[in-house]
Structures are given as C-alpha cells and as structure tokens.
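The chains referred to below are lettered A, B, ... by the order of the sequence lines, with proteins before strands, and numbering in each begins at 1.
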Number of protein chains: 2
Amino acid sequence: MIDYLLRKLRARDEIADLEELALGRLAGEIRDYPADKTVIQEGEPLDFSSLLLEGMMCRYKDLRDGGRQISAIHVPGDFLDLHSFTLKRLDHNVMAMTRCKVVLVPHERLKAMTEEEPHLTRLFWFSTNLDAAMHREWELSLGRRSAIARVAHLFCELQARLEIVGLAEEAGYDFKFTQTEIAECVGLTSVHVNRVLRQLRERRLVEFRGGRVTMLDRAGLERIAEFRPAYLYLDRRPI
Amino acid sequence: MIDYLLRKLRARDEIADLEELALGRLAGEIRDYPADKTVIQEGEPLDFSSLLLEGMMCRYKDLRDGGRQISAIHVPGDFLDLHSFTLKRLDHNVMAMTRCKVVLVPHERLKAMTEEEPHLTRLFWFSTNLDAAMHREWELSLGRRSAIARVAHLFCELQARLEIVGLAEEAGYDFKFTQTEIAECVGLTSVHVNRVLRQLRERRLVEFRGGRVTMLDRAGLERIAEFRPAYLYLDRRPI
DNA sequence: CGAGTACTTGACTGTGGTCAAAGCCAGTGG
DNA sequence: CCACTGGCTTTGACCACAGTCAAGTACTCG
C-alpha cells in the first residue's frame with residue numbers, strides 16, 4: 001500500500017526494514033474520492049494527513065473574481081497535506097482531479113513518530129521541504145517564464161516525478177487534466193494554453209491529447225522550458 | 001540573540017524554559033554580510049543553517065535571459081535555509097538585500113535536536129511549512145493577481161510579518177528594496193512597478209519612498225490585495 | 001440522437017513590457 | 001563648495017503577449 005511512498009523515499013535515502021514496518025503502522029483508514037471532489041477545505045481543522053495511493057490531486061486557491069491558482073499537483077506516493085501535521089489546518093483547498101484513493105495517517109501517529117523515529121521524521125520533513133522546492137520553481141515559472149516555457153516546464157516536471165514512482169514511460173504519461181486545469185497551474189487562460197499546446201505540437205516537442213502527454217523531443221522540450229531537475233532532489237543522500 | 005526567533009515561535013506555541021535553553025545552544029558562529037552579497041549559492045553543499053538576526057535577505061532564482069525571480073523575503077527571526085538541513089543543498093540562491101547579521105546553526109546540532117527535542121523539531125518543521133505557505137500565496141499573486149494587487153499584497157504581507165517581531169509600526173515599516181527588487185518579487189518590470197506605486201500613492205492607499213512603506217489606508221490596501229492573513233498562521237496552537 | 005463539456009479558432013482589446021531620455025540624489029574627489 | 005559619477009526613479013511613446021469574447025467543432029455519455 002505504501003509502495004509508491006517507499007519508492008519515493010528510497011530514491012533519496014536508505015530505509016531500514018524496521019522503519020518500513022513503522023511506516024506501515026502509520027496507515028489508517030482508506031478512502032476513495034470521485035473526480036472533481038474537493039477533499040480538504042481551506043481552514044478546516046485537521047487531525048490526519050493523507051497519502052495519495054492512486055490518481056492525481058491538486059492544491060488550489062481561489063480569488064473573489066473566480067480566478068483560481070493551482071499551486072501543486074500530487075501524484076501517487078505524495079502526501080497531500082503532510083504539512084497539516086504542524087499547521088493544523090490548511091491555507092488552501094485540495095481537490096481530486098481524477099478518481100483517487102488515499103490512506104489517512106492520524107496526526108497522533110505522526111506525533112508518536114516524531115518521538116520515536118527521528119530518521120523517519122527527518123524524511124517526512126524532507127518531503128514537505130520538497131513540496132516547497134516545487135512551489136519555488138513554480139514561482140519562477142509564473143513570474144518569469146513565457147507562456148510556452150511554463151507549459152513545457154510543467155510537462156517536464158511531471159515526467160520526472162512520475163518516472164520516480166514508475167508511472168511514466170520514456171514516451172510519456174497519462175495526465176487527465178483539462179486545458180482549463182493546465183491553465184490554472186501555469187497562470188494563463190485556457191484559450192492561450194490551447195494556442196501554446198498547438199505550438200508545442202507543431203514544433204514537434206510534445207503532444208497533449210486525450211489526457212495523455214506524449215514526448216516527441218524531450219531534450220528540446222527541456223531546453224525551451226529551461227528545465228533543470230536539481231530542485232526535485234532526485235539523488236540519494238542520507239538525511 | 002535568538003529574541004526574534006522566540007517571538008516568532010511564541011506567537012504560535014508555548015516554549016518551555018528548558019527548550020529556550022536548548023534553542024540557545026543551537027547557535028554557533030555569527031556572521032555579517034554587506035548589502036547585495038549572495039550568501040548561499042544554489043547547489044553548494046551545506047552543513048549549517050542560518051538564522052537571520054538583522055537586516056533583510058531574499059531567496060531568488062535566475063533564468064538564462066537574465067530574468068530573476070525572488071521567491072521569498074526574510075526578516076529577522078527567519079531561518080534563511082532551515083530546509084537545507086534535510087535538503088543538504090539549495091535549489092535557489094540567498095542574497096542579503098541590506099547589511100545583515102546571521103547566526104549559524106550546524107546541521108549536526110539540528111540532527112541532535114531531532115533526536116532529543118521532538119517538540120522543538122515539530123516547531124522547526126512548522127517553520128519550514130510556513131515558508132511553503134508563503135510560497136503558495138506568492139504563486140497565487142504571480143499567477144492570478146493584477147499588477148496593483150500584487151504589489152499591495154506584498155506590502156500587506158510584510159507589514160504583518162514585521163509586526164510579529166516588532167519591526168513595524170501601525171504607520172508602516174522600513175523596507176530597503178529598490179523598485180527593481182520589488183519587481184523581481186512580483187513578476188513585473190521595474191517600469192511597471194513604478195507606475196503601480198504611483199497609482200497606490202495617488203489612491204491614498206500606501207506610499208513607498210526612500211526605503212520606507214507608509215500605510216495610508218491599510219484596510220483599503222488589504223481590500224484591493226485580497227489580503228487574508230490566514231496563510232501566515234498567526235494564531236497560537238500547540239504543535 | 002441530443003445535451004453538455006471540452007476544445008479550437010478568429011477578431012479584437014488591454015495590461016504590462018520595451019526602449020529611451022531625462023530627472024534626482026547621494027557619495028566622491030578636486 | 002562644486003562638479004562629476006553612477007544608481008535609482010520617473011515619464012512618454014510605442015509594442016506585444018496574452019486576455020476577452022464569441023462562434024463553431026468534436027467528443028462523451030446518457
């Protein structure tokens with residue numbers, strides 16, 4: 001059940017067998033959500049965190065005028081809201097973009113973990129720091145990258161993140177977002193995203209159709225995105 | 001020396017006297033930096049984190065074309081790079097925006113803290129999660145807010161953050177940034193920031209001159225910024 | 001087969017970018 | 001005390017990238 005999480009953690013550090021068992025004991029109730037369901041509301045008090053097992057979710061914030069900004073995308077193996085353990089409530093909403101399955105981890109078990117498993121605690125802390133690193137890279141996209149580079153960068157990031165958990169092939173990956181939802185990630189309108197997708201297709205870099213990203217020229221795509229994956233901390237270092 | 005840090009933490013949770021002592025023992029070497037000095041380079045291996053004692057610093061990333069995005073501003077009491085404890089190196093640069101004083105905290109002492117002081121560990125974890133919450137709010141600004149709302153929001157955020165550590169009055173605060181640097185925070189050009197600042201002044205909302213922000217109509221400013229400080233987690237809750 | 005949603009495209013608009021010149025001010029040196 | 005310098009700010013004219021609006025097309029799913 002925690003396979004994807006283990007793959008994600010083992011890509012970065014050693015996990016002892018006893019620690020794997022301790023991780024297994026964190027798991028509580030399992031929940032399924034339908035697509036487009038808002039799973040966590042901004043501000044609501046939380047006493048558990050959720051680990052995504054299947055599907056894709058996102059974090060988002062709304063403005064009064066209807067503008068919505070997606071601030072992160074979650075793939076299997078990601079915690080949706082591990083940060084709610086210390087924050088107690090969230091500053092954003094969390095929504096299922098597809099049908100999803102999650103497992104709940106009660107905060108009291110996380111608290112016990114911080115008392116008994118300092119190494120796992122550091123790994124979990126790392127995991128929230130990784131979220132923050134992705135937020136920073138998105139800030140760079142939103143603030144300074146051109147429209148085409150933003151979309152290209154998003155596709156590159158997801159390719160790399162899905163590869164870690166074995167959910168992307170060299171050729172591409174499933175990505176069941178609408179163009180409007182992509183627009184909400186990259187700070188553009190859906191109309192403009194559509195135009196950018198056409199350009200990316202015509203320049204033979206990447207194709208997005210029918211909920212699937214097909215890499216046509218990954219190196220070229222990474223070049224125009226200025227994608228440098230260091231911010232994903234993909235190498236192994238003891239934490 | 002750790003006064004500002006204590007004020008920041010005590011705004012959110014109880015700190016026992018013994019914990020205060022433990023915090024004091026984290027402190028190592030003190031360093032001074034001149035304005036405009038890049039203090040930490042992206043990618044450089046780190047074995048200490050830095051707590052800002054005086055001055056203002058920022059995190060930033062560059063693009064090849066010279067575009068720079070500032071992803072966070074630090075005020076006294078903030079750790080510049082507490083996340084480097086688990087990440088081991090940073091995905092961004094850190095620069096002193098004014099003359100600054102910091103105190104170094106060796107990672108080995110932080111590691112010992114995670115073994116011996118679970119409550120402080122959770123507080124430090126909280127502190128990096130707070131950084132991420134600010135990143136998310138900036139993503140919303142960069143992706144969806146208008147130019148004037150972005151600048152207004154930045155001024156509101158700093159007012160609130162500086163108040164916690166006692167470095168802002170009702171009337172405003174010192175903010176020794178150039179207009180170009182503000183532009184690098186909000187994803188605009190310095191020319192446009194200049195136009196926006198004029199608007200804010202003419203609408204009697206806020207004035208920025210000579211490295212000082214003067215609040216003229218704080219409620220009005222917060223309204224056009226859609227500033228809702230929940231993301232700063234200013235209330236006290238046990239962590 | 002019809003309804004609803006998502007995608008596509010074109011015409012037009014506007015916010016914010018670019019380029020350039022001038023003004024301002026603090027610091028430095030004659 | 002003044003001239004010079006360099007960085008920052010201010011303004012204007014013009015431009016372009018991306019937004020808006022609207023209509024039409026393509027798919028899915030009941």
Side-chain angles (χ1 to χ4, degrees), chain A residues 34-37 63 65-70 95 97-99 141-154 174-203 206-214 224, chain B residues 34-37 63 65-70 95-99 141-154 174-203 206-214 224-225:
Chain A
D36 296 323
K37 162 105 181 148
L63 287 179
D65 69 0
R68 162 172 302 185
Q69 181 63 38
I70 293 179
M95 184 168 74
M97 307 304 277
T98 63
R99 298 187 72 237
S141 272
L142 291 164
R144 289 288 173 237
R145 283 191 174 93
S146 66
I148 191 167
R150 289 186 210 182
V151 176
H153 193 276
L154 177 65
D174 284 339
F175 183 44
K176 309 257 170 259
F177 270 42
T178 64
Q179 294 184 6
T180 302
E181 288 159 352
I182 293 178
E184 289 167 348
C185 294
V186 295
L188 300 169
T189 58
S190 61
V191 173
H192 202 64
V193 164
N194 183 276
R195 292 193 266 248
V196 164
L197 289 172
R198 174 150 53 100
Q199 272 193 69
L200 288 168
R201 183 171 359 103
E202 284 170 357
R203 291 167 67 171
V206 69
E207 186 160 1
F208 175 72
R209 280 197 55 246
R212 180 149 184 104
V213 173
T214 307
I224 74 154
Chain B
D36 296 322
K37 162 105 180 148
L63 287 178
D65 69 0
R68 162 171 303 186
Q69 180 63 39
I70 293 179
M95 184 167 75
M97 306 304 276
T98 63
R99 298 187 72 241
S141 272
L142 292 165
R144 290 286 173 239
R145 283 191 174 91
S146 67
I148 192 168
R150 290 186 209 182
V151 175
H153 193 277
L154 178 65
D174 283 338
F175 183 44
K176 310 254 168 261
F177 272 40
T178 65
Q179 295 184 7
T180 302
E181 288 159 352
I182 292 177
E184 288 166 350
C185 295
V186 294
L188 300 169
T189 58
S190 62
V191 173
H192 202 64
V193 164
N194 182 275
R195 292 193 268 246
V196 164
L197 289 172
R198 175 151 52 101
Q199 273 192 68
L200 288 168
R201 186 174 354 106
E202 285 170 357
R203 292 167 66 173
V206 68
E207 185 159 2
F208 175 72
R209 277 196 58 243
R212 178 146 186 107
V213 173
T214 307
I224 73 153

E202(B) side chain vs Q199(B) backbone, donor-acceptor pair below 3.5 Å
no
Scoring nucleotides 24-29 of chain D by protein non-hydrogen atoms under 4.0 Å (B base, S sugar-phosphate only, - none) yields ------
Taken to the nearest whole Å, CZ/F177(B) to P/dC8(D) is 13 Å
As a check of understanding: the bend across the helix from dC1(C)-dG30(D) to dG30(C)-dC1(D), end axes from five pairs, rounded to 10 degrees, works out to 40°
Do other residues, nucleotides or ligands put more than 12 heavy atoms under 6.0 Å from the NZ atom of K37(B)? no
Scanning both residues in full, the closest heavy-atom pair of F175(A) with F208(A) reads O-CE1, 3.4 Å
Identify every side-chain donor-acceptor pair in residues 146-153 of chain B under 3.5 Å, counting partners at least two apart or on other chains, and give the distances.
residue: S146(B); atom: OG; partner: A149(B); partner atom: N; Å: 3.3
residue: R150(B); atom: NE; partner: S141(B); partner atom: O; Å: 3.2
residue: R150(B); atom: NE; partner: R145(B); partner atom: O; Å: 2.9
residue: R150(B); atom: NH1; partner: V186(B); partner atom: O; Å: 2.8
residue: R150(B); atom: NH2; partner: L142(B); partner atom: O; Å: 3.4
residue: R150(B); atom: NH2; partner: R145(B); partner atom: O; Å: 3.4
residue: H153(B); atom: NE2; partner: E137(B); partner atom: OE2; Å: 3.2

Here the distance between atom P of dT8(C) and atom CD of E202(A), to the nearest Å, is 11 Å
Applying side chain to side chain donor-acceptor pair (under 3.5 Å) to R212(A) and not counting sequence neighbours gives E169(A), D174(A)
inquiry  = Is the phosphate of dT8(C) approached by Q179(A) (side-chain N or O, under 4.0 Å from OP1 or OP2)?
reply    = yes
Between D36(A) and E181(A), the two heavy atoms sitting closest are OD1-OE2, 4.0 Å
Rounded to the nearest 0.5 angstrom, the CD-CD distance for E184(B) and Q179(B) is 12.5 Å
Rounded to whole Å, CD of Q199(B) lies from C1' of dT10(D) at a distance of 15 Å
Quick tally for nucleotides 9-19 of chain C: nucleotides whose base has a protein heavy atom under 4.0 Å get B, sugar-phosphate-only ones S, the rest -, giving B-B----BBBB
The reported gap from CG in L200(B) to CZ in R195(B) (rounded to nearest 0.5 angstrom) is 14.0 Å
Side chain to side chain donor-acceptor pair (under 3.5 Å) filter on R68(B), not counting sequence neighbours, yields D62(B)
K176(A) NZ to dA6(C) P, in whole Å, measures 15 Å
